[in-house]
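Some notes on the structure that comes next.
Below, chain A is the first sequence line, B the second, and so on; all start at residue 1.
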Amino acid sequence: METIPANGPVIDFRDVVYTLPNGQPLLQNLNLQVQGGETLVLLGRSGSGKTTTLKLINRLLTPSGGEVRVNGALTAENDVIRLRRSIGYVIQDVGLFPHFTVERNIGLVPRIEGWPAERIQLRVEELLQLVRLDSQIASRYPHQLSGGQRQRVGVARALAADPAILLMDEPFGAVDAITRDQLQREFLSLQQRLNKTVVFVTHDLREALRLGSRIALMEAGRLVTVLSPQDFLRSSDPLAAAYVQAFGEGLDSAANRGTS
Amino acid sequence: MNVFYFFLQHHEEILDLTLEHLWLVGISTLLAVLIGIPLGIVSAHWPVWNKPILGTANIIQTVPSLALFGFLLPVPWIGARADRLAILALTLYALLPVIRNTYTGIRGVDPSVVEAGRGMGLTDRQLVFQVELPLAVSVILSGVRVAVVVSVGLATIAAAIGAGGLGEFIFRGLAMVNNELILAGAIPAAILALSADFGLGWLERRLRPR
């Protein structure tokens with residue numbers, strides 16, 4: 001790791017602009033800091049720029065203007081392969097390799113990083129336990145798993161090389177309500193133990209309130225406001241209020257009162 | 001009945017020419033795979049190259065085979081020997097299905113899988129060899145299968161320029177208006193094509209990712 005300025009943000013967006021090659025702006029003038037150990041939720045509708053923001057962190061996209069820093073270093077100047085391997089990445093479609101067993105999927109980054117086989121195997125077992133999967137599924141293929149199991153494998157794979165940062169793009173979007181509830185609960189307990197710096201993309205206010213230590217509300221390529229879950233519910237911001245109204249009653253109990 | 005006795009009598013020559021035929025088809029297919037798969041990878045990854053590569057392969061495909069043999073005749077090293085010439089021509093014809101299927105196979109890989117791989121820090125080379133090619137392998141193989149079946153038929157024409165193979169019988173039979181001779185070339189060629197089709201088809205199904 002580079003020398004991190006004490007208390008400096010782990011991820012730092014400064015005046016970041018992202019424009020498509022055809023000139024269409026997807027992100028305008030983004031200033032956002034993510035602190036170590038927090039779960040920052042990017043909340044917004046589709047097309048609001050939240051996934052774009054996420055992909056700027058591991059340089060799947062490069063900013064058209066401004067700068068993105070991870071651990072104090074400009075992502076544009078870092079070795080992109082090193083950068084990506086130091087950041088866990090979970091996406092909605094999971095993207096498990098269909099021709100790899102669960103074990104090989106989870107052990108992918110350790111393997112390309114050249115870990116010895118025994119260490120990889122131990123790590124895989126440890127991770128399966130961590131995401132509450134039976135060690136027997138290690139030899140199965142992704143198509144033999146349920147949606148919830150696949151998501152867990154996706155999370156385990158992202159955690160494999162023990163990255164300090166985790167990027168999650170609607171990871172629980174494609175599973176049924178009961179499984180989602182379970183996965184969210186496990187995410188919270190996992191996060192309490194592991195204390196990663198997490199950036200989490202969702203369009204679901206309930207999920208944002210439940211998981212986030214802070215919520216960054218985005219709309220049409222702009223960051224509207226950043227609020228704690230408690231403050232979000234009481235916010236006078238018209239867009240935040242519209243969200244609260246759209247999601248209806250009972251949100252109070254959902255809000256994260258976590259210690260993180 | 002006559003055909004049967006003819007086969008018995010000439011079984012050695014039939015075997016020789018069949019092996020020669022196999023050699024022409026085998027070498028040219030191997031070359032087409034070695035050249036076509038990299039070209040397919042290039043056209044799948046760099047859209048700029050897609051049109052020139054597939055376009056050229058397409059144009060080659062439209063040249064009548066006898067004419068192609070004629071065009072290649074003056075080429076220095078190649079034109080010096082009939083079998084070299086035949087192999088080159090067969091390779092050129094086999095390129096299109098191999099390139100096209102490599103391209104289609106790679107393009108057909110689930111984008112979320114590729115993106116997850118990229119996001120986890122796989123290099124471009126690792127993405128190609130560990131993700132894209134293994135997932136595209138059955139589509140690529142079906143292209144190879146088409147190439148082989150077409151080559152077995154085309155290779156019979158190579159006898160016209162003296163490259164040997166089962167076409168020898170066919171051309172001799174045509175010249176002598178002798179059906180047995182024609183069948184002595186046509187039947188083994190058909191068997192070769194069918195067994196290649198069956199064998200590669202089986203392999204293709206086995207390697208299909210779930």
Within 6.0 angstrom of [X] [atom1], more than 12 heavy atoms from elsewhere:
X        : atom1 : value
A:Glu67  : CD    : yes
A:Gln33  : CD    : yes
A:Arg132 : CZ    : no

Legend entry - Positions in residues 155-162 of chain A that reach chain B, provided some heavy atom is under 4.5 Å away: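 Near chain B, by residue number: A:Arg157.
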Inset, instruction - Drop me the distance from B:Leu207's CG to A:His99's NE2, to the nearest 0.5 angstrom. - result: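 Reported value, rounded in 0.5 Å steps: 12.5 Å.
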Legend entry - Region of B:Gln130 in contact with chain A, defined by heavy-atom distances below 4.5 Å: both
Inset, instruction - With sequence neighbours excluded, tell me which residues meet salt bridge (Lys or Arg N to Asp or Glu O under 4.0 Å) with B:Glu20. - result: none
Legend entry - Contacting region of A:Ile81 [heavy-atom separation from chain B under 4.5 Å]: both
Inset, instruction - Anything in residues 95-121 of chain B with a heavy-atom distance to chain A below 4.5 Å? Please list those residues in order. - result: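 Under the 4.5 Å heavy-atom cut-off, B:Ser112, B:Val113, B:Glu115, B:Ala116, B:Gly117, B:Arg118, B:Gly119, B:Met120, B:Gly121 qualify.
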Legend entry - Inter-chain contacts: residues 161-169 of chain B against chain A, heavy atoms under 4.5 Å: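 The list, in residue order, is empty: none.
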Legend entry - Contact leader toward chain B among A:Leu60, A:Leu83, A:Asn58, A:Leu96, where contacts are heavy-atom pairs under 4.5 Å: A:Leu60
Legend entry - Heavy-atom side-chain contact between B:Leu122 and A:Leu108 under 4.5 Å: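 The answer is yes; the side chains approach within 4.5 Å.
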